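This structure is a prediction, so every number in the text was calculated from the model and none was measured.
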Amino acid sequence: NEIKPAVPTRQALEYKRKDFCADLAEMEFRRLTYCGGPEYISGGYLFKHGREEPKDYQLRLQRAYFQNFCAPAINLYSGFIMGQPIKRENKFTDKETYEAFLKDSTGNGTSLENFIADIVRWSGAQGKALVLVDRTPGDAATKKEERESGIKTYLQRVPWENLVDWECDCDGNYMWVKIKECARGMRAWNAKEEKKTRYRIYTKDEWSVYEITEGKKDSAVFVEGGPNKIGVVPLFDVCWPGGSLIKDAARVNRSIFNLCSLLDESVYRQVFPQFCYPGDLPQEFKLGTATCLTFEPSGPPPLYISPSSEPNQFIWDMITGLSEVIKKMLLYKAETDGLKAESGIAKAYEFSQLNNVLVEASKIFGMAEEKILRLYALWEGESEDGIKSQYPQTFDVSMIASELDDIIKTQTIQMGKKFDRYVKKKLARSVVDPRDTKEREEIEKEIDDGGAEPGPLPPVYNRGGFGR
């Protein structure tokens, strides 16, 4: 059944649809926001100050860290949508193959529910996720021979950036698609490593795979192909209601990322007081435990000066304020004219909005699973009648709001006054001359009396995770 069509040109294979090129930067930004880590930090989202030297910017980039507010929120939504039992109905006759598919839908041990949970997360992050329902090549006379030969239907999440070209009909269904893949072949230990790219093309009639080797002209070669036995392109989109959950919050998170870097740079430069000596020094000298400095008693003595901490507090206030903005965005809070923000009516209105989004999302992912099972039925020769997947339609919205509030607070944590006083005393003991017990006692008494209002500590580092 293998089809060997004429090999297309390299230019035709590498062509990318204009829609894809226009959306690529935004989708990549959302992907990196969800993933976080070094890839985000080096992704060009740390902005250079207008008066900053390139060398200073590189040092600041090395010290940068990313507080991910978006990923924990996306994972929280996924956990609530997938956290309740799912009711499934169908008329499949081969229960053994179906049960095996539910337990391992991808071929690497991922259950169908865990696969859908991954789709929930990526559609929430990027606005949509792509699901491929394919089948391993091969033919067998019986179901038993299929299982023994490893022929099976499997699922794959196709990264958005890998779908480089496509065409849809008037109903939005794919007529054909071209998917870019990274080719990793086996090579001998003494063979030169070559970078290869594969393009997988699906139409309603056939599928084919072509390979291109970097550095070789006209190197496109046919790898494999065959007829499309189900007559439809087995790829479809799953979209989060209203677009990406973080389409606005990701930009606020980027602002927090830059403000945290500026705060870190300010602390880094101001942590050591500057030594000031009145007049001109006769020669270069070093101060330490084994050296001393003399000066004219009639003139002003040398002293240490420290820059004002007010700019740092201003930056920190902006960070805490923006964290509240993110929380409102992720909870779908809207302005309620004429209602106080904390009133019962306002909260009921906000919770109703959030519940509507969750119910709509739950319906979308239930329909996505039904579409998966219909394509599964086509591949397995089962009936498509009676396929139904019932996802939860009721949610404890107040619990979601509480969980998300905990996530935001964890990211912008403020320690208690007792801990704050302990840190200040330890710092004072390291700075004040240990022989000057009177001054040290006065400083510690001032700290105990609350002479300075304790401020928040720097934000904790969090790369996201499930729930809390």
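When side chains are defined from C-beta on, L262 does not count as touching D264, because their heavy atoms never get closer than 4.5 Å. Considering only heavy atoms from C-beta on, V131 stays 4.5 Å or farther from L235 through its side chain. Side-chain contact check for Y154 versus D134: some heavy-atom pair is nearer than 4.5 Å. Taking 4.5 Å as the limit, some side-chain heavy atom of L375 sits within range of a side-chain heavy atom of L378.
Checked against side-chain contact (heavy atoms from CB on, under 4.5 Å), E96 has the following partners two or more places apart in sequence or in another chain: D94, R147. For D317, the side-chain contact (heavy atoms from CB on, under 4.5 Å) criterion is met by Q313, not counting sequence neighbours. Evaluation of the ring-ring contact (aromatic ring centres under 6.0 Å, His included) rule for Y199 yields no partner, not counting sequence neighbours. Partners of E26 under the side-chain hydrogen bond (donor to acceptor under 3.5 Å, both in side chains) rule, at least two apart in sequence or in another chain, are R30, R251. Residues passing the salt bridge (charged side-chain N to carboxylate O under 4.0 Å, His left out) test with R254: none are found, sequence neighbours excluded. Residues that satisfy the salt bridge (charged side-chain N to carboxylate O under 4.0 Å, His left out) test with E382, not counting sequence neighbours, are absent from this structure. For E324, the salt bridge (charged side-chain N to carboxylate O under 4.0 Å, His left out) partners are K327, not counting sequence neighbours. Checked against salt bridge (charged side-chain N to carboxylate O under 4.0 Å, His left out), E265 has the following partners two or more places apart in sequence or in another chain: R63, R269. Looking at residues two or more places apart in sequence or on another chain, you find a side-chain contact (heavy atoms from CB on, under 4.5 Å) between K16 and F20, C21, V164, K180. A search for side-chain contact (heavy atoms from CB on, under 4.5 Å) contacts involving M367 returns nothing, not counting sequence neighbours.
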Item to complete: Evaluate the side-chain contact (heavy atoms from CB on, under 4.5 Å) criterion for residues W176 and D165: first the C-alpha distance (whole Å), next the side-chain angles of each, then the deciding distance (0.1 Å), finally the verdict.
Response: CA-CA 9 Å; W176 58 267; D165 200 6; 3.5 Å; yes
Fill in: Residues L373, F101; criterion side-chain contact (heavy atoms from CB on, under 4.5 Å); working and verdict
CA-CA 10 Å; L373 293 178; F101 177 75; 4.2 Å; yes
Item to complete: Go through the steps to decide whether Y391 and F365 satisfy the test ring-ring contact (aromatic ring centres under 6.0 Å, His included), and finish with yes or no.
Response: CA-CA 8 Å; Y391 274 58; F365 297 116; 7.5 Å; no
Discussion item. Please determine whether side-chain contact (heavy atoms from CB on, under 4.5 Å) holds for the pair V232 and Y174, giving the CA-CA distance in whole Å, both sets of side-chain angles, and the decisive distance to 0.1 Å.
Written reply: CA-CA 8 Å; V232 296; Y174 288 112; over 6 Å; no
Discussion item. Pair Q126, E161 - check side-chain contact (heavy atoms from CB on, under 4.5 Å), show working.
Written reply: CA-CA 11 Å; Q126 292 188 301; E161 57 272 16; 4.0 Å; yes
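Nearest heavy-atom pair, S323 versus I256, reported as atom, atom and distance to 0.1 Å: N-CD1, 3.9 Å.
Under a 3.5 Å cut-off, the side chain of N253 and the backbone N or O of Q67 do form a donor-acceptor pair. For S362 (side chain) and P392 (main-chain N/O), a donor-acceptor pair under 3.5 Å exists by modelled atom type. Judged by distance alone, with hydrogens and angles left aside, the side-chain atoms of K178 form a donor-acceptor pair with the main-chain N or O of Y15 at under 3.5 Å. Checked by atom type and distance alone, the side chain of T197 never pairs as donor or acceptor with a backbone atom of C182 at under 3.5 Å. A donor-acceptor pair is defined here as one N or O able to donate and one able to accept, closer than 3.5 Å; no such pair exists between the side chain of K371 and the backbone of V238. Of the possible polar contacts, one joining the E370 side chain to the S389 backbone as a donor-acceptor pair under 3.5 Å is found. Between the D169 side chain and the D171 main chain, a donor and an acceptor come within less than 3.5 Å of each other. Of the possible polar contacts, none joining the S78 side chain to the N75 backbone as a donor-acceptor pair under 3.5 Å is found. Distance alone, capped at 3.5 Å, is enough to place a donor-acceptor pair between the T320 side chain and the W316 backbone. N68 places a side-chain N or O within donor-acceptor distance of the main-chain N or O of T33, the cut-off being under 3.5 Å.
Checking R135 against T153 by side-chain atom types alone, a donor-acceptor pair falls below 3.5 Å. The closest side-chain donor-acceptor pair between Y98 and N90 falls under 3.5 angstrom.
Aromatic ring centres of F92 and Y376 lie closer together than 6.0 Å.
A distance of 5.0 Å separates CD1 in I364 from CD in E360, rounded to the nearest 0.5 Å. Atom CD of E369 is separated from atom CG of L155 by 9.5 Å, given to the nearest 0.5 angstrom. From I326, atom CD1 reaches atom CE of M329 across 7.5 Å, with rounding to the nearest 0.5 Å. If you take CG on L132 and CG on L130, they are separated by 9.5 Å, rounding to the nearest 0.5 Å. Summarising the geometry, atom CE belonging to M175 is positioned 6.5 Å from atom CD belonging to E167; distances are rounded to the nearest 0.5 Å. Atom OG1 in T9 sits 9.0 Å away from atom CD in E14 (nearest 0.5 Å).
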What pairs of donor and acceptor atoms, side-chain ones from residues 38-51 against any protein atom, are under 3.5 angstrom apart with sequence neighbours left out?
unit_1: E39; atom_1: OE2; unit_2: R31; atom_2: NH2; d: 2.9
unit_1: S42; atom_1: OG; unit_2: P38; atom_2: O; d: 2.9
unit_1: K48; atom_1: NZ; unit_2: E52; atom_2: O; d: 2.5
unit_1: H49; atom_1: ND1; unit_2: R51; atom_2: N; d: 3.1

Residues 110-120 side chain polar contacts: donor-acceptor under 3.5 Å, at least two apart:
unit_1: T110; atom_1: OG1; unit_2: N108; atom_2: OD1; d: 3.1
unit_1: S111; atom_1: OG; unit_2: N114; atom_2: N; d: 3.2
unit_1: S111; atom_1: OG; unit_2: N114; atom_2: ND2; d: 3.3
unit_1: D118; atom_1: OD1; unit_2: W122; atom_2: NE1; d: 3.4
unit_1: D118; atom_1: OD2; unit_2: R157; atom_2: NE; d: 3.3

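Counting non-hydrogen atoms of neighbouring residues, nucleotides and ligands closer than 6.0 angstrom, the NZ atom of K95 exceeds 12 such neighbours.
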